[in-house]
Amino acid sequence: MTTLQQELGRRLAAALEQVLGAGHGGDPAVVAASDRRFGDYQSNVAMVLAKQVRRNPRELAGRLIGALDLAGVGSAEIAGPGFINFRVGAECLAGRAAAMLGDARLGLPRTGAGRRVVVDFSAPNVAKPMHVGHIRSTIIGDSLARVARALGHEVITDNHIGDWGTQFGMILHGWKTCRDEAALERDPVGELVRVYREVNERANGSPEVLEQCRQELVRLQQGDPANLEIWRRCVELSKAGLQRIYDRLDIRFDHWLGESWYNDRLGPLVDDFLARGLARVSEGAVCVFSDGSLPPDDDPFRIHNEGGWTDNPMLIRKGDGGFLYATTDLATLDFRLREWRADEVWYVVGAPQQLHFRQVFAAARRWGRDAAFRHVAFGSILGEDRKLMKTRSGRNVQLGEVLDEAVERAAAVVAEKNPALDDGEAAAVAEVVGLGAVKFAELSQHRLTDYVFSWDRMLALHGDTAPYLQYSHVRIRSIFRRLDRPFDPAAAQLRLDAAEELALARLLVRYPEVVPAVLDDFRPNLLAGHLLETARAFHAFFEACPVLRAGEAVRASRLALCELTARVLAAGLGLLGIRVPERM
RNA sequence: GCCCCCGUAGUUCAAUGGAUAGAACGGAGGUUUCCUAAACCUUAAAUGCAGGUUCGAUUCCUGCCGGGGGCACCA
C-alpha cells in the first residue's frame, strides 16, 4: 500500500518525464500542503526547476499539470508563483480510509526492511538514582525503537548501563562504612542511593575519604573477591529496581550489556590501536590524535584555542592504566557491528556528549568499523536556576517520584470526572493517564529543546497532552458500546460529505506518511503533533456529525470513520509508548 | 579563546527553504433536555538585532546581543 504522498509523487514524476524528458534531475517533492486553503498536497518542483530549464515557473507548472494523470485521485491547479496544488477527491480519501481499515499495519510502509538497527538508550548508572534527567533518553529512545520496528527495521534495544564506573569507589566505601542492612532489605535502591549520597557529601572537601574511595575502586578493578561480591550484589539490586520502573513504563530491552561486560575487551582494543598506529602514548596516556584527513574545523581531534589549532586527543587509556568512557564505547561499537551485524547504531544521549561521539565515530571508522552511526542528541533539563541538573547534587527529583506524582494527580482527576468507575478500574486508568502525560510531555516537543523542569508542565492533563488523545479514543469506544448490533468496519461503505468528515479523513490517511518522517531526523514530536491534529479534527467532526442518530448508510460510514480514528490514535500513541484506556 | 545547541504570542511549545507563522495554557466571550464538557465554538496576542544568498528565509550564510553546554586522564 503506497501513501497518497508517494502516489502523487509518482504521477508527478511521470509528468516531469513527459514534459522535460528523462534525466531532468527534478525531484517531484510532493508534500502536505502548508495550509488547507492551498489544497491537500503541494509541489514546488516547477519553481525549483524553472531556473535550470530557463522557463517561466508558472508556465512550466501549467505544462506539468497538463501532462498529469490524476485519475482516481483528484485534481491539480497552479497557484501563486508556480505552486502545483493538489486536491484529493472525497472518493479517493474514502477508498484509502477503507483500505487502512482492512490493513493491520494501517498502511505503514516498510521503509526499514532489511536494516538492522541497534538503539542505545536510557543507560542509567547502577547504584545512582534515575532522576528526571534520565527521562529523555529513556522515553525518546523507546519511542524511536517502536517506530523503527513498526517500519520494518530489525531493532535491537540495548541498555548500556553504567555498572563499572568510578562511582563504585564511593559505593564500596559507603557499603563498608555506613550501610544499613535493614534498610537495604526494605528498600534496596533507596538505601544504595542514600549511601552514595552520604559518601559523596563526606568526600566533598575531604581528600582522605576521596583517597579511600579511590583505593576501593582500584581493589575492585584488580579483582578483589570481597569487593567483587559487593559489586555484584549492588548491580543485582539496582537492576531489579530499574526493571520495576521499566515495567511500569512498558519499556523492554533486548539486552543489558553494561560497561562491565566489555571489561576484558578493553586491553586488547588499546593494544590493537597502538599496533595499528591509530593511537600513541602522550603524557603517559594512550591517545587517538588527528590523522590530518579532515579539515581542521571538521576534525574532532583538533581544537582552536588561544594558540591556534591544537590537538584535542581522545584518551583511551589513562596514565595509571585505567580505561575510559571512549574505550568502552569503542569496544561496544565493535561488538554491535561484528557480533550483531548492525547496519545502524543510534545513540540516544544528551547533546553535551556531542564531541565525544564525533570522536568515537571518527576513531571507529579509522579502525575499520563503519556503519550508519547516529548520535540522537537531546536538550538538557534545567533546574529552576536555568542551570543543568547535576546528578551529584542529590536535590534532583527522582524518576520514580515523577511517575508517582503523575499517577496521583491523574487519580484525582479520574475520581472527579468519572466517579462511576470502580476502584480497580479507576486506578488502572490513573496509571495509564498519568504515565501517558509524562511521556507525551517529553515526546511532543523537539528533542533538542532545553527546558526547565516543572511539575505542572510535565504532568499537565489538559490541552496538548496524552489525556486529550486518550479521551478522544475513549469517546469513540463509548459509541461502540452503545451499539445495538455488531458493526463490521470492513463491510462498511465510506462516504465523506461533511467538511468535518473530509478534514478528519485527510489527516487519517496521512498517518502512514507521518510515521516514517519521524525517523528522517529522529523526531517523535512530528507524530505527537499529527495525533493532536487528528484528535482535534475528530472532536470537531464529533460535535458536528451525529453518528448513532444518523440514517443507516451515513451511520455505517461514520462508524467506520470513528473506528479508523480510534485505531490510528491507539497505534500512534503505541508508537510513543503510551497506552489507551477503554473508558476514563 | 574556540566549537556545538537554543532565542517565535503574556507563558510553554510547533512549523522537510514556500504562500496570510500553527497549537496549548492563561485572558475575553459563548455552547450541555443531544453518542463522556478531560470536549467544542468565537476572539486578542509573536519570529532577539543587523546584513547576505534566494522567485521566496522562523528555517541557509556572516556579524552582534542573550541563554545553555563542551574542550587530556569522570561517565
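Chain identifiers are assigned alphabetically (A, B, ...) following the order of the sequence lines, protein sequences preceding nucleic acid strands; residue numbering begins at 1 within each chain.
Spacing between U42(B) and C25(B) at atom P, rounded to whole Å, works out to 14 Å. For the C1' atoms, the distance from A44(B) to G27(B) is 9 Å, rounded to whole Å. Separating the P atom of C65(B) from that of G29(B) is a span of 45 Å, rounded to the nearest Å.
For Arg54(A), the CZ atom is loosely surrounded, since the number of other residues' heavy atoms within 6.0 Å does not exceed 12.
Asp299(A) comes within 4.0 angstrom of nothing in the nucleic acid, heavy atoms only. Nucleic acid contact class of Thr449(A) (heavy atoms, under 4.0 Å, all strands): sugar-phosphate only.
In RNA chain B, the stems built from three or more successive Watson-Crick or G-U pairs (distances below 3.5 Å) are B:1-7 with B:65-71, B:10-13 with B:22-25, B:27-31 with B:39-43, B:48-52 with B:60-64.
Of the two residues contacting RNA chain B, namely Asn312(A) and Ala29(A), the nearest-nucleotide position lying further toward the 5' end is that of Ala29(A).
For the pair His160(A)/Trp261(A), no side-chain contact is recorded, criterion being any heavy-atom separation below 4.5 Å from C-beta on.
Comparing G18(B), C13(B), G70(B) against the side chain of Ile303(A) picks out G70(B) as the nearest. Listed nucleotides: A23(B), G69(B), G18(B). Nearest to the side chain of Met47(A): G18(B). Picking from A72(B), C13(B), A19(B) the nucleotide with the shortest atom distance to the side chain of Asn85(A) gives A19(B).
RNA chain B is contacted by Ser34(A), Arg37(A), Phe38(A), Gln42(A), Asn44(A) of residues 34-46 of chain A, taking any non-hydrogen atom closer than 4.0 Å.
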Quiz item: In B/S/- notation, 5' to 3', how is nucleotides 35-40 of chain B contacted by protein heavy atoms closer than 4.0 Å?
Solution: BBSBSS
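Geometric assessment of Arg374(A) against the ring of Phe522(A) yields a negative cation-pi assignment under the 6.0 Å and 45° thresholds.
For Ser472(A), the side chain to side chain contact (heavy atoms under 4.5 Å, CB included) partners at least two apart in sequence or on another chain are Ala535(A), Phe538(A), His539(A), Leu569(A). Partners of Leu532(A) under the side chain to side chain contact (heavy atoms under 4.5 Å, CB included) rule, at least two apart in sequence or in another chain, are Phe440(A), Asp464(A), Tyr468(A), Leu469(A), Arg536(A). In terms of the salt bridge (charged side-chain N to carboxylate O under 4.0 Å, His left out) criterion, residue partners of Asp311(A) (sequence neighbours excluded) are, by chain and number, Arg302(A).
Side-chain rings of Tyr347(A) and Phe357(A) approach one another, their centers coming within less than 6.0 Å.
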